> 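Below you'll find the structure I mean.
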Amino acid sequence: KAFRSSNLLVSASNTNQGDLLPTFKIAIVGAGPAGYFAAQALQNLVTEDRVFEIDMIERLPTPWGLVRSGVAPDHPKIKTVSKVFEKIASQETFRLFANVEVGDDVTIAQLKDRYDAVIIATGTSIGKTLGIPGENLRGSLSAANFVPWYNAHPDFVGVDTPLDADTAVVIGAGNVAMDVARMLALEPSELDPTDTADHAIDAFKQSNIRKVYMSARRGPEHAAFTSPELRELPKLEHTNVIMDREDIEAAIVRAGDAPEKDVKSNLDAMLLIAQNPKTEHERTLQFLFQHTPKEILGTDHVEGVVYSTPNGDVTIKCGLVITAIGYQAHGMDGVPYENGKVVNSDGRVTDNLYVVGWAKRGPSGVIGTNKSDSAAVMELLVEDLKSPKKAGDISELLTHQVVVSQLDWQKINEAEVAAGEPLGKPRRKWVAREELIKQAGL
Ligand code: NAP
C-alpha cells in the first residue's frame with residue numbers, strides 16, 4: 001500500500017458485476033451534502049448497461065461538510081440527513097478518500113485524466129465582506145469563521161472570538177445570521193446536550209455578552225431568514241427576543257394585500273414576536289431593520305457600528321461584530337471561477353468537469369435543495385458519458401498521505417458518538433486533525 005489507510009480499498013471493477021458491465025469512474029471533490037446527493041443520483045442512474053465507481057475526496061479527515069461544520073448545534077434534527085449520507089457511502093461502489101486535499105495532494109488535471117468525470121462539490125467557504133471602514137479590527141469577523149469555530153472545524157479552532165464586551169452585533173438577515181445571533185444570545189448551558197465544540201461551550205460560558213443585535217439593511221418584508229427559524233425564537237427559555245411592533249406593522253402595510261406565501265409567513269411570525277410581552281431575562285436578542293452598516297468604530301478593537309437609517313445615523317456600541325452576508329467559493333487550480341462561483345452551464349464546466357451545490361449556484365437554499373440540483377447535473381453528466389476510460393484512480397497518486405477511508409471514518413464516528421453518550425450529547429467532536437486520525441487507528 002502506498003498510503004496509510006485501514007480500508008482494503010476493494011475496487012468495484014474487481015467484482016463480478018464490474019467485470020460484466022461498463023464501469024464509469026467518477027470522482028467527487030468535497031464530502032458535503034451536494035457531493036453526497038450527486039453520488040446518490042449516480043447510484044440511482046445505474047442501469048443494466050452501466051455502473052459507476054464513485055470516489056469521494058475530502059480535505060478534512062471527516063466527511064459531511066456543512067452538516068458537520070455549518071448546521072447550528074442546537075438544530076440536531078437537520079443533522080439527521082447524515083444517515084442518508086452514510087447509506088450512500090455504504091454501497092460497494094463508493095469509496096471515501098478523506099484527509100486528501102485536491103489542489104495540494106492531487107490536482108484537478110490528474111483527476112480529470114483518471115476519471116470519466118470529476119464533480120466539484122466544494123461549496124463556498126469564504127465569507128463576503130462589507131467593504132466598510134473598520135472591518136479588519138479585532139472583534140470583527142465573518143460567520144464563515146465563527147460558525148466553524150463553534151462547530152469544531154479543525155482549521156478554525158484558533159479563531160479569535162472576543163466575547164468580553166456586553167454587546168454583540170450580527171450583520172445580515174439570513175438564516176446564518178439567525179444561527180449566529182441565537183448561539184450568542186442563548187444561555188450557554190443550553191448547549192451542553194449538543195455537539196458544540198468543547199472550546200466554544202467554555203468560551204460562551206465565560207462570555208460577558210448579554211445583548212445581541214441582529215441588523216437587516218432592509219425592512220422585515222425583505223428578510224432572508226425563514227419562518228421556522230423565527231418561530232423557534234420565543235421558545236428560547238432564557239432570552240428576551242425583541243422586535244419593534246411598529247417596524248413589523250409598517251412592513252405588513254408595505255407588503256400589501258397579497259404578499260408571497262413566505263413573506264406572509266415571516267411577517268406573521270414576526271408580529272407574534274413583536275406582540276410578546278417583554279420578560280425579565282438578562283439576555284436579549286433585538287432585531288434592527290433598515291439599518292445599513294456604514295462604519296465599524298474602534299482603534300485596535302471593535303467599539304461600535306455606525307448605521308445609516310431612515311432617521312439618520314445611529315451608533316450601536318459593541319465589542320463584537322459578526323457579518324453573515326453570504327459566501328463565495330474558494331478558488332482551485334484548473335477550475336474557472338467568476339463572481340464567487342464556478343463558471344458553469346447547468347453544472348457543466350469544461351470537458352469532463354462538473355459542479356454541484358453552492359460552488360455551482362451560489363450560497364442559497366437549504367440542504368435538501370442540493371438533492372434535486374445535484375440530480376439534475378448528474379442527468380446531464382450521464383448524457384455526456386460515452387464509453388468508460390478507466391485510466392486509473394486517485395490511489396496511484398497518493399504516496400505519503402494518511403487517507404481516511406469510509407471504514408476509518410466509521411471508527412471516528414462511532415468513537416465520537418460513544419464519547420458523547422455519557423454526557424447526554426449526540427457526539428463529542430474531536431477537533432485536531434491528529435486526534436481525529438488517531439481515533440481511526442491510523
Ligand atoms: P442569505 O439567506 O442570502 O442572507 C444574506 C443576508 O445578508 C441578507 O439578509 C442580505 O440582505 C444580507 N446582506 C448581503 N449583503 C449585505 C450588505 N452588504 N450589508 C448588509 N447586509 C447584507 O444567506 P445566508 O444567511 O448566508 O444563508 C445561505 C443559505 O443557507 C440560505 O438559503 C439559508 O436559508 C440557508 N440556511 C438555512 C438554515 C436553516 O435551514 N436553518 C440555516 C443556515 C443557512 P439583502 O436581502 O438586503 O441583500
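Order of listing sets the numbers, starting from 1, for every ligand and every atom in it. No experiment lies behind these values; they were computed from the predicted model shown.
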> Would you mind listing each N/O atom of ligand 1 next to any protein N/O under 3.5 Å, plus the distance?
residue: ligand 1; atom: 9 (O); partner: Ala173; partner atom: N; Å: 3.0
residue: ligand 1; atom: 15 (N); partner: Arg217; partner atom: NH2; Å: 3.4
residue: ligand 1; atom: 18 (N); partner: Arg217; partner atom: NH1; Å: 3.4
residue: ligand 1; atom: 25 (O); partner: Asn175; partner atom: N; Å: 3.3
residue: ligand 1; atom: 25 (O); partner: Val176; partner atom: N; Å: 3.0
residue: ligand 1; atom: 32 (O); partner: Gly365; partner atom: N; Å: 2.6
residue: ligand 1; atom: 34 (O); partner: Asn175; partner atom: ND2; Å: 2.9
residue: ligand 1; atom: 41 (N); partner: Glu229; partner atom: OE2; Å: 2.7
residue: ligand 1; atom: 46 (O); partner: Arg218; partner atom: NH2; Å: 2.9
residue: ligand 1; atom: 47 (O); partner: Arg217; partner atom: NE; Å: 2.9
residue: ligand 1; atom: 47 (O); partner: Arg218; partner atom: NE; Å: 2.9
residue: ligand 1; atom: 48 (O); partner: Arg217; partner atom: NH2; Å: 2.8

> Within the supplied structure, the quantity of interest is the number of heavy atoms (other residues, nucleotides, ligands) at a distance under 6.0 Å from Glu282 CD; does it exceed 12?
yes

> For Glu383, does the CD atom have more than 12 heavy-atom neighbours from other residues, nucleotides or ligands under 6.0 Å away?
yes

> Atom CG of Asp408 and atom CG of Leu442: how far apart are they, to the nearest 0.5 Å?
4.0 Å

> Heavy atoms, side chains only, cut-off 4.5 Å: are Asn344 and Asp346 in contact?
no

> Check whether any side-chain heavy atom of Asp179 lies under 4.5 Å from a side-chain heavy atom of Tyr150, and answer yes or no.
yes

> Looking at Leu42, Leu381, Asp116, which one forms a side-chain contact (heavy atoms from CB on, under 4.5 Å) with Phe24?
Asp116

